[in-house]
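Shown next, in structure tokens, is the structure this report addresses.
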Amino acid sequence: MTEAMAPAKEEGFQPSILAFCCNWCSYAGADLAGVSRLQYPVNVKVLRVMCSGRVDPYFVMRALELGADGVLITGCEIGDCHYISGNVKAKERFERLSKLLDQIGIGSERIRLEWISASDGIKFAELMEEFTEHITNLGPSPLKGSATGGV
Amino acid sequence: MDKENVKRLISDMGAHDCVECGKCTTVCPVTRFNPEFAPRLVVVKALAGEDMDLSKDSDIWVCNTCEMCNNMCPYEVDYSGFIRGMRGEARREGHEPDCTQGGLLHAMMRIMANSDLPQKRLDWIADGLKVAEKGDVFLFVGCLPQMDAIFEDRNLNLVETARSAVRIMNHIGIEPVVSPKEKCCGHDLNWAGDEKNLIKLMNHNVQVIKDSGAKTVVFTCPECLRTFDLDYQDFLGDFEFEMVHISEFIARAIEEGKLKFPENISISTTFHDSCRLGRHLGLYDEPRRVLAEIPSVELVELEKNREAATCCGVSGFMSCNSISKVMQMEKMQDAKRTGADVLVTPCPKCRIHLDCSTRDETPVDKGLVDIPIMDFTVLVDLALRGELQIPDVQDKEAEKEAEKTE
């Protein structure tokens, strides 16, 4: 293994993190963080979906396969879902996916599910800060550079 | 589309021998419910050559690769081999199948193929199970633990199949090798046209088995066995180790007098010939011989059995649709009609699909399809321990109601 490929906490490692945000709560939370001019790391790429229930485990798996270092799924608080129970479904799927990731060796610590309401701009910024640090400490994804296309 | 490749595929398939008798179409389970698809037309289109670019055709993804047509063809045209080859061509062109579970399983397999992550593959080993790191017999567990995680909400407990296999082997004094380094066999990727990743998985798995020093590899999953026996050996030539399905292994042990079954409650079973075990590998008698040997177990044949057995509806976790559902309903009704207590399947994936088909609302009356499904290996293990019992049909709707009220 060449030095450039050496994993773990190398100097200047900037993780790439994908955050799924639901249209009604957490994306509005991200918006609020923005208009409130709260600072959070640029490593997080926000992807808006209509509901956290839309996030198929495959999306997360595919992001990891393509070399994402961490994936965040965010949605409305339980009971607050715009579509009544989308976040409940997201939670079920997340639990199953976590088990699968542990089994195949990627590790469930690289993904996280959080509920953020539209008024939680501060929570959003703090979470991004904290998760980025967490992933930076974990080091680059073991799958970085191994992606081979596919579906 | 690479014309040379397609030419080679057509001659490998033996399409030139086709006399257009249409027998393939009459037996095709997909054609029965989807008149737009016909195996004969696939051959005709293939022979039409350049004018017909099959790689863009949806036909190649509709096929269930159950090999009913291959079996029926008097001129031995290899339809499924051609379909598999064309899928590879289609993939090179950027056409993709509709995968079930959104493609999660295929992504998992690709990740396994392209990385060497430390997997947790052996968490299922329970107390009292004796396994070894090196030895003569290797038990290829396959993706049972991963499937259990993916289908966790369905409580299928697929790893019990692996536990049962180990228990049976322990019973005859064998401590099988199980390896945490094993990876998926690549069956589903292969049938989705992803040969590149299949080869990566193949090289890894074959090396793991060679390193273990095993002389016999036992499979509980017909798909893994098919991939090793037919596809891997196609690439690498004949292996030095022998590959057997658990039913062959048990049948042999019975012949040698190493397995004796105690008295159990009497139970009547019906056997589902999975396409990989039956038509692909030709193993019809072994599981039946084993079932006949268990004193209290009676076997009632399905109306369509052996070569004529109908499909579980989905292969390689691709194209699960309304046609699959109709096929599954037919299979389950056939099983229920036999009056048997339980439907026995040798294939974990058939179990997943058939269980799925009756889980939610069914297009036919629930009473016509509610027969419990049991894995072949688990049944043999229970019989061997004298603990055989008829499993309850899970009252899935009541279960759901209970969940709701929680």
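Letters go in sequence order (proteins before strands), and every chain restarts at 1.
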Revision key, fill the gap. Nearest heavy-atom contact between Arg96(A) and Ile150(B) is NH1-O, 3.0 Å

Study note, to complete from the structure: Scanning both residues in full, the closest heavy-atom pair of Gln103(A) with Ala149(B) reads OE1-CB, 3.7 Å

Should we count [atom1] of [X] as having more than 12 external heavy atoms under 6.0 Å?
X: Asp98(B); atom1: CG; result: no
X: Ile122(A); atom1: CD1; result: no
X: Glu109(A); atom1: CD; result: yes
X: Lys45(A); atom1: NZ; result: yes
X: Leu122(B); atom1: CG; result: yes
X: Lys91(A); atom1: NZ; result: no
X: Lys325(B); atom1: NZ; result: yes

**Study point:** Structural part of Met112(B) lying under 4.5 Å from a heavy atom of chain A
**Key:** side chain

Practice item. Could you pull out all residues at least two apart from Asn43(A) that satisfy side-chain hydrogen bond (donor to acceptor under 3.5 Å, both in side chains)? Key: Gln14(A)

Check your understanding: Could you walk me through whether Leu104(B) and Val60(A) pass the side chain to side chain contact (heavy atoms under 4.5 Å, CB included) check?
Key -> CA-CA 9 Å; Leu104(B) 180 65; Val60(A) 181; over 6 Å; no

Rounded distance (nearest 0.5 Å) linking atom [atom1] of [X] with atom [atom2] of [Y]:
X: Gln101(B); Y: Arg93(A); atom1: CD; atom2: CZ; value: 10.5 Å
X: Leu100(A); Y: Met147(B); atom1: CG; atom2: CE; value: 10.5 Å
X: Glu65(A); Y: Ile111(B); atom1: CD; atom2: CD1; value: 5.0 Å
X: Lys120(B); Y: Leu101(A); atom1: NZ; atom2: CG; value: 11.0 Å
X: Leu64(A); Y: Ser115(B); atom1: CG; atom2: OG; value: 11.0 Å
X: Arg62(A); Y: Arg110(B); atom1: CZ; atom2: CZ; value: 5.0 Å

Study note, to complete from the structure: Looking only at Pro145(B), Pro118(B), Gly94(B), the option with the highest number of non-hydrogen pairs under 4.5 Å against chain A is Pro145(B)

Revision key, fill the gap. Note: vs chain A, highest number of non-hydrogen pairs under 4.5 angstrom among Lys183(B), Arg121(B), Glu152(B) is Glu152(B)

Review point. Side chain, backbone, both or neither: which part of Asp56(A) has a heavy atom under 4.5 Å from chain B?
Key: side chain

Check your understanding: Non-hydrogen atoms of chain B under 4.5 Å away: do they reach the side chain of Ile106(A), the backbone, both or neither?
Key -> both

